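First the structure, in the form of structure tokens, and then the observations on it.
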Amino acid sequence: MLVYYRERTVAWGESDPFGLVYFPRMLAWFNDAEHEFFAQAGYPLTRMVAEDRTAFVMGRVNFEFVGPAGYGEKIVTRLAVKEITRSTVTWDCSARRADKALVTRGTATRVYARIQENGELKAKPIPDSIRALLGGSANDG
């Protein structure tokens with residue numbers, strides 16, 4: 001299944017003076033990488049929301065801090081599709097410094113949902129076209 005890499009530079013304010021990355025920033029790194037993947041694959045999230053009235057919403061996250069990454073350091077985030085079910089995709093996530101040292105790792109499960117007229121979300125099956133982008137098939141999940 002799909003593996004996606006994104007290089008970035010640790011911004012000022014993403015970690016403390018000891019290189020401990022703030023937990024919400026770790027989540028943002030992977031969220032940004034996922035959005036970039038869909039945009040580069042030709043299916044940006046703005047299209048999902050505006051045209052299809054759908055979105056991948058966070059269902060569950062499980063991350064751990066492993067090592068430091070300080071201001072100005074280059075890191076590479078890695079997203080790998082771990083599992084696709086009827087309505088979810090689970091990403092195996094990691095971030096490494098340029099010297100290959102692990103900064104963080106974890107999983108993030110996204111639920112594919114339709115935005116209802118009242119603004120609520122309702123899970124729906126992931127379309128085959130999106131499954132194909134993720135490296136899955138109609139038989140997954």
Side-chain angles (χ1 to χ4, degrees), residues 1-17 19-141:
M1 291 203 198
L2 172 92
V3 177
Y4 184 76
Y5 296 91
R6 181 177 193 245
E7 183 177 280
R8 58 170 292 117
T9 302
V10 177
W12 180 258
E14 289 187 322
S15 66
D16 67 17
L20 302 175
V21 178
Y22 300 121
F23 188 74
R25 295 307 310 150
M26 291 178 193
L27 295 177
W29 291 348
F30 298 109
N31 190 60
D32 292 349
E34 182 188 41
H35 289 197
E36 184 179 275
F37 158 72
F38 278 111
Q40 288 187 4
Y43 201 69
L45 296 181
T46 52
R47 176 177 161 201
M48 283 185 205
V49 173
E51 295 177 20
D52 300 339
R53 303 275 305 150
T54 60
F56 278 99
V57 296
M58 197 59 72
R60 176 181 304 136
V61 293
N62 181 17
F63 282 87
E64 65 178 315
F65 175 82
V66 179
Y71 169 66
E73 283 190 89
K74 298 277 188 212
I75 61 161
V76 174
T77 56
R78 178 184 181 272
L79 297 176
V81 173
K82 182 176 180 177
E83 179 184 38
I84 301 174
T85 69
R86 179 179 179 273
S87 299
T88 67
V89 58
T90 299
W91 296 99
D92 183 30
C93 309
S94 64
R96 293 182 182 274
R97 296 189 322 241
D99 65 1
K100 307 295 185 206
L102 192 60
V103 175
T104 185
R105 66 176 162 225
T107 58
T109 299
R110 297 283 201 158
V111 179
Y112 188 71
R114 178 150 182 79
I115 304 163
Q116 305 299 304
E117 291 304 317
N118 63 3
E120 293 181 10
L121 297 169
K122 182 177 180 181
K124 70 176 275 181
I126 299 171
D128 290 344
S129 59
I130 294 177
R131 284 181 184 280
L133 292 176
L134 297 170
S137 68
N139 298 328
D140 295 330

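Here the structure is a predicted model, which means the values were calculated and not measured.
Within a 6.0 Å radius of CD in Glu64, other residues, nucleotides and ligands contribute more than 12 heavy atoms. In the displayed structure, Tyr71 atom OH is contacted under 6.0 Å by at most 12 heavy atoms of other residues, nucleotides or ligands. Counting heavy-atom neighbours within 6.0 Å of Arg47 CZ, excluding the residue itself, gives a total above 12.
One N or O on the side chain of Arg97 and one on the backbone of Pro68 form a donor-acceptor pair closer than 3.5 Å.
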_Evaluation steps, side chain to side chain contact (heavy atoms under 4.5 Å, CB included), between Leu79 and Cys93_ = CA-CA 5 Å; Leu79 297 176; Cys93 309; 3.6 Å; yes
*Report the C-alpha distance between Phe38 and Ile130 in whole Å, list the side-chain angles of each, state the deciding distance to 0.1 Å, and finish with yes or no for side chain to side chain contact (heavy atoms under 4.5 Å, CB included).*
CA-CA 9 Å; Phe38 278 111; Ile130 294 177; 4.0 Å; yes
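Here the side chains of Lys124 and Tyr112 are in contact, with some heavy-atom distance below 4.5 Å. By the 4.5 Å heavy-atom criterion applied to side chains, Trp29 and Val10 are counted as neighbours. Looking at Phe56 and Met48, their side chains come closer than 4.5 Å, going by heavy atoms from C-beta outward. Taking the side chain as every heavy atom from C-beta outward, Leu121 and Ile115 approach each other to under 4.5 Å. At a threshold of 4.5 Å between non-hydrogen side-chain atoms, the residues Ile84 and Ile126 count as touching. Looking at Arg96 and Arg78, their side chains never come closer than 4.5 Å, going by heavy atoms from C-beta outward. Counting only heavy atoms from C-beta outward, the side chains of Asn31 and Arg110 approach each other to under 4.5 Å. Looking at Trp91 and Leu134, their side chains come closer than 4.5 Å, going by heavy atoms from C-beta outward.
With rounding to the nearest 0.5 Å, the separation of CZ in Arg114 from OG in Ser87 is 13.5 Å. Summarising the geometry, atom CG belonging to Asp92 is positioned 10.0 Å from atom CZ belonging to Arg105; distances are rounded to the nearest 0.5 Å. Taking CG of Leu27 as the reference point, atom CG of Asp32 lies at 11.0 Å (rounded to 0.5 Å). From Leu133, atom CG reaches atom CZ of Arg131 across 12.0 Å, with rounding to the nearest 0.5 Å. Rounded to the nearest 0.5 angstrom, Lys82 NZ and Thr109 OG1 are separated by 8.0 Å. For the atom pair NE2 of His35 and CZ of Arg6, the computed distance is 10.5 Å after rounding to the nearest 0.5 Å.
A pairwise comparison of heavy atoms in Val21 and Ala69 identifies CG2-O, 3.6 Å as the closest pair. Of all the heavy atoms in Val61 and Ala108, the pair that sits closest is CG1-CB, 4.2 Å. Annotation for Ala33 and Thr77: closest pair CB-OG1, 3.9 Å, computed over non-hydrogen atoms.
Taking the charged nitrogens against the carboxylate oxygens, Arg8 and Glu36 have no contact shorter than 4.0 Å, which rules out a salt bridge.
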